[in-house]
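In this text the structure is predicted, and so the values were computed from the model without any measurement. The sequence lines fix the lettering, A, B, ..., with proteins before strands; numbering per chain opens at 1.
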Amino acid sequence: MIPAKKNKNLQISLLEWYDRAKREMPWRKTRDPYLIWISEIMLQQTQVKTVIPYFERWVSAFPTVRSLAEADESRVLKLWEGLGYYSRARNLRKAAQLVVDQFDCKIPNTLKEIMTLPGVGRYTAGAILSIAYKKKVPVLDGNVKRILSRLFRLAENGASTSSQKILWKTAEEILPEERTGDFNQALMELGATVCLPSKPGCLFCPLQTYCEAKLNGDQHLYPPSKPKALSKKIEVSAGVIWRGGKIYIQQRLKDGLMADLWEFPGGKIEPGESPEECLAREIREELGVEIQIQNKLMTIKHSYTQFRVTLHVYKCRLLKGKIKAVSCQQWKWVDSNLLSQFPFPAANKRIVDSLS
DNA sequence: AACACGGGGTT
DNA sequence: AACCCAGTGTT
């Protein structure tokens with residue numbers, strides 16, 4: 001809980017700052033729910049500067065919900081051209097038709113109803129209700145998350161569901177009774193112009209005397225950075241080749257990634273290739289033999305620093321050919337209960353564990 | 001909870 | 001080049 005007095009003072013300071021420092025934006029000259037709605041959709045993941053010309057053109061082309069509802073989709077998309085996330089435009093048109101048909105041409109003014117419109121999630125719903133209808137409803141976007149995290153030293157970055165929940169709750173608690181729409185916009189404005197992600201301008205911040213992170217001098221620690229996105233995903237096949245009670249393994253080259261470790265043969269699945277096709281190809285290329293795939297043993301997901309690997313593991317046997325391994329230091333046929341003596345990379349280790 | 005969706009700005 | 005951004009819908 002936020003102490004009532006602190007909350008009140010903080011609200012006053014922020015609103016004073018907003019009145020003084022807010023930037024001019026076309027949608028700040030209106031309280032038409034339709035126009036507020038359009039602006040909020042356009043502003044999703046899109047910067048103000050980019051949105052302004054699109055908004056102006058849109059208002060001229062579709063000044064009312066009805067004009068949008070009656071427009072051809074191709075014309076709507078043409079106006080959106082270059083703005084990205086095109087489903088926003090398609091949803092906007094669909095939602096406009098819903099508003100005309102089911103809500104008597106009026107943008108709904110309750111959270112429950114407005115969120116039935118395609119493209120309107122909790123953020124957008126909160127923005128429209130608070131700005132256009134003066135309802136006391138919070139918003140939570142990237143800016144507000146960052147500010148709340150710093151203001152209350154919340155170790156939340158919004159990554160998990162529970163973290164989201166805490167942030168929404170806080171966004172609600174902090175809300176003033178009056179001027180809720182301005183207050184919400186003020187939070188976002190502060191996040192966009194002062195409380196920046198990397199270099200927060202605390203010296204110019206109207207909330208500097210309330211901000212727990214600033215008071216502790218550790219504002220740079222909030223919000224805690226999200227775990228690095230595991231950008232690249234790769235799919236790999238590996239084969240457990242049995243011959244007379246023994247299993248084939250090979251030792252990786254002495255340089256490079258996971259040097260000198262042992263592994264099961266296999267490789268990366270190429271586009272359009274099935275895991276089985278991949279395995280047969282890789283073994284043909286690396287060992288010079290043909291194999292028969294008997295059955296799938298397991299699927300392993302494993303994260304490396306730079307990759308997230310899905311490893312498809314198959315039990316196989318040799319069909320024909322004599323093994324002559326390339327791109328490995330040496331190879332061995334090993335009794336399954338001796339496999340664990342050899343060092344394997346983590347993902348391969350899980351195959352070993354299942355075999356012994 | 002992870003992912004796709006897009007383009008532009010920042011580091 | 002990676003990361004971030006006034007998010008939402010789908011799986």
N91(A) CG - dG9(C) C1' separation (whole Å): 8 Å
Q45(A) side chain near dG7(C) phosphate (N/O to OP1/OP2, under 4.0 Å): yes
Rounded distance (Å) that lies between atom P of dA6(C) and atom CG of L129(A): 21 Å
d(CD1, I41(A); P, dT8(C)) in whole Å: 7 Å
Sugar-phosphate only, base, or nothing, as touched by R146(A) at under 4.0 Å among non-hydrogen atoms: sugar-phosphate
Separation of dC5(C) C1' from I52(A) CD1 (nearest whole Å): 16 Å
Atom CZ of F204(A): over 12 foreign heavy atoms under 6.0 Å: no
Nearest-nucleotide comparison on DNA chain C, the residue closer to the 5′ end among P118(A) and G142(A): G142(A)
Distance test, side-chain N/O of Y85(A) to OP1/OP2 of dA4(B), below 4.0 Å: no
E113(A)-T110(A) side chain donor-acceptor pair, cut-off 3.5 Å: yes
Sugar-phosphate only, base, or nothing, as touched by V144(A) at under 4.0 Å among non-hydrogen atoms: nothing
NZ or CZ of R252(A) within 45° of W262(A) ring axis and under 6.0 Å: no
Separation between the P atoms of dA1(C) and dG6(B), rounded to whole Å: 22 Å
Touch class at under 4.0 angstrom, heavy-atom based, for G82(A) against every strand present: sugar-phosphate
Whole angstrom value for the distance that separates C1' of dG6(B) from CD of Q47(A): 13 Å
Value in whole Å for how far the P atom of dA6(C) lies from CE of M188(A): 9 Å
Below 4.0 Å: OP1/OP2 of dC5(C) and any side-chain N or O of T46(A): no
dT8(C) phosphate, OP1 or OP2, under 4.0 Å from T124(A) side-chain N/O: yes
Residue mapping more 5' on DNA chain B - nearest nucleotide basis, Q44(A) or T161(A): T161(A)
Sugar-phosphate, base or nothing in reach of M115(A), heavy atoms under 4.0 Å: nothing
Y85(A) six-ring face occupied by R88(A) cation (under 6.0 Å, within 45°): no
Whole angstrom value for the distance that separates P of dG6(B) from CE of M42(A): 15 Å
Atom-pair distance (CG on D141(A); P on dC4(C)), nearest Å: 15 Å
Integer angstrom distance from the P of dT11(B) to that of dA6(C): 14 Å
Phosphate-side-chain proximity, R88(A) and dG9(C), N/O vs OP1/OP2 below 4.0 Å: no
Touch class at under 4.0 angstrom, heavy-atom based, for L83(A) against every strand present: base
Proximal nucleotide (of dG9(B), dC4(C), dA6(C)) relative to the N143(A) side chain: dA6(C)
Y34(A) reachable from M115(A) in the ILVMFWY side-chain graph, under 4.5 Å edges: yes
Q44(A) and T124(A): side chain donor to acceptor below 3.5 Å: yes
